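The chains referred to below are lettered A, B, ... by the order of the sequence lines, with proteins before strands, and numbering in each begins at 1. Bear in mind the structure is a predicted one, so any value in this text is a computation, not a measurement.
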Protein chains: 2
Amino acid sequence: MVIEKHKAVMDDNYIDALKALAEPNRLRLFWLLVHVDQRITVAEAMDVTGETQYNASRSLKMLYKTGLLTQEKRGKWVYYTLAYQLEPHLDKLIESVRCLPKERFSDITTRCKQRLSMRVDGECMIGANSEEWLNLIS
Amino acid sequence: MVIEKHKAVMDDNYIDALKALAEPNRLRLFWLLVHVDQRITVAEAMDVTGETQYNASRSLKMLYKTGLLTQEKRGKWVYYTLAYQLEPHLDKLIESVRCLPKERFSDITTRCKQRLSMRVDGECMIGANSEEWLNLIS
DNA sequence: TGCATACTTGCACAGATGTGCATCTGTGTA
DNA sequence: TACACAGATGCACATCTGTGCAAGTATGCA
């Protein structure tokens, strides 16, 4: 029974990772984190993806819980980053996402670069839906 | 708009593959097809996994529709086989499944070998839940 | 041609999942 | 200490998904 439970837990982790990625918005967000090679805050994710605060927060949190992302709290900001040195099957899963055609995500890539350009010394300073951001993308 | 639609279709294919694998029973079945290096019929899948005819059929069909499996009809039997030479992101996805710890699937592996031993000249000859099969595993 | 068998599919229902709204927690700042 | 803001979470509801049941399709055999 203990073994059964252990198996179930291990299974669930991988299953949960697949489920987390099997949703277009989360896949886009994760693809971004795979390619941008940068930590990102919830507020930045909101601006880049155009999602609500709820969705951005939940999406990042979900990916974090599966082990695909790491979390780092800095003051009132929370940075999420692509995890490294994972188990082989999770590493391969990330590789799979990395291989997705870039053309699908060209819009999100541009917006992300714009948003990151608003950082100061590599730190996020401005919240979501700010005047500065709206001017930048208009 | 045409581009939008094209993007959606391409996305959906990968998304559907992730969804198809994000279900424990289908993941087990697919893992088996990745490792057994053999085509398999719905009836054999039923015996090996213990699933109903409905589930075995639907699971294989779903995996087939995502492109992860190929289908070959031979008389009244339908063989499903792992697909090769796929797009990079799908290939990596299969690699990911291949990397899953074998211990989780030791039971299903044993049963599959037993079931395949009932073949004649490499062909499936006996349906699901047969006397011969029930004797073999008892 | 009639029947058994292998597989697929439509239907109904229970459980899981995504989303908007509102609220709550935690942190920085005046 | 009071307030503003980043982020997390509970609730209600619509949608999606897995499953059992039963009927339908297709193939082989007598």
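For the pair B:Arg58 and D:dT17, the criterion of a side-chain N or O lying under 4.0 Å from OP1 or OP2 is not met. Of the side-chain N and O atoms in A:Lys61, one or more sit less than 4.0 angstrom from OP1 or OP2 of D:dT9. Using a 4.0 Å cut-off, no side-chain N or O of B:Tyr80 falls inside it from OP1 or OP2 of C:dA6. For A:Asn55 and C:dG20, the shortest distance from a side-chain N or O to OP1 or OP2 is below 4.0 Å.
Between A:Lys19 atom NZ and C:dA16 atom P the separation is 9 Å, expressed in whole Å. Whole-Å rounding puts the A:Leu18 CG to D:dG18 P distance at 13 Å. Straight-line distance from the CG atom of A:Asp16 to the C1' atom of C:dT17: 12 Å, rounded to whole Å. Across the protein-nucleic acid pair, A:Leu21 atom CG and C:dG18 atom P stand 12 Å apart, rounded to whole Å. In this entry the distance linking CG of A:Leu29 with C1' of D:dG7 reads 15 Å, nearest Å. B:Leu63 has its CG atom 16 Å from the C1' atom of C:dC7, to the nearest Å. Nucleotide D:dT17 holds its C1' atom 13 Å from the CG atom of B:Asn25, rounded to whole Å. Across the protein-nucleic acid pair, A:Tyr79 atom OH and C:dT27 atom P stand 15 Å apart, rounded to whole Å.
When the side-chain contact (heavy atoms from CB on, under 4.5 Å) test is applied to A:Glu123, the partners found at least two apart in sequence or on another chain are A:Arg39, A:Arg74, A:Tyr79, A:Met125. Checked against salt bridge (charged side-chain N to carboxylate O under 4.0 Å, His left out), B:Glu51 has no partners two or more places apart in sequence or in another chain.
When the nucleotides C:dC7, D:dA8, C:dG18 are ranked by their closest atom to the side chain of A:Glu23, C:dG18 comes out on top. Taking every side-chain heavy atom of A:Trp77 into account, D:dA6 is the closest of D:dA6, D:dG18, D:dA8.
Under the 4.5 Å side-chain criterion, counting only non-hydrogen atoms from C-beta, B:Thr70 is not in contact with B:Tyr84.
Under a 3.5 Å cut-off, the side chain of A:Glu23 and the backbone N or O of A:Asn25 do form a donor-acceptor pair. A donor-acceptor contact shorter than 3.5 Å is absent between the side chain of B:Ser106 and the backbone of B:Lys102. Remark: the backbone N or O of A:Ala128 is not paired with any side-chain donor or acceptor of A:Asp47 at under 3.5 angstrom.
Nearest-nucleotide positions on DNA chain D for A:Ala56 and B:Ser59 put A:Ala56 closer to the 5' end.
Near DNA chain D, meaning a heavy atom under 4.0 Å away, the residues from residues 127-138 of chain A are A:Gly127. Contact check of residues 40-54 of chain A against DNA chain C (heavy atom, cut-off under 4.0 Å) returns A:Thr52, A:Tyr54.
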Tabulate below the donor-acceptor pairs under 3.5 Å that side-chain atoms of residues 57-64 of chain B make, not counting sequence neighbours, or state none.
residue, atom, partner, partner atom, Å
B:Arg58, NH1, B:Tyr54, OH, 3.1
B:Ser59, OG, B:Asn55, O, 2.8

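The distance from the CD atom of A:Gln114 to the CH2 atom of A:Trp133 is 5.0 Å, given to the nearest 0.5 Å.
By the 30° and 60° cut-offs, the orientation of the rings of A:Phe105 relative to A:Trp31 is parallel.
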Under 4.0 Å protein heavy-atom contact, by nucleotide of nucleotides 24-30 of chain D - B base, S sugar-phosphate only: ---SS--
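Side-chain atoms of A:Thr66 and A:Tyr14 form no donor-acceptor pair, as typed in the model, at a separation below 3.5 Å.
Considering A:Asp16, A:Leu82, A:Leu21 as possible partners of A:Leu68, the one that fulfils the side-chain contact (heavy atoms from CB on, under 4.5 Å) test is A:Leu21.
Looking at every heavy atom in both residues, A:Arg26 comes nearest to A:Lys19 through NH2-O, 3.2 Å.
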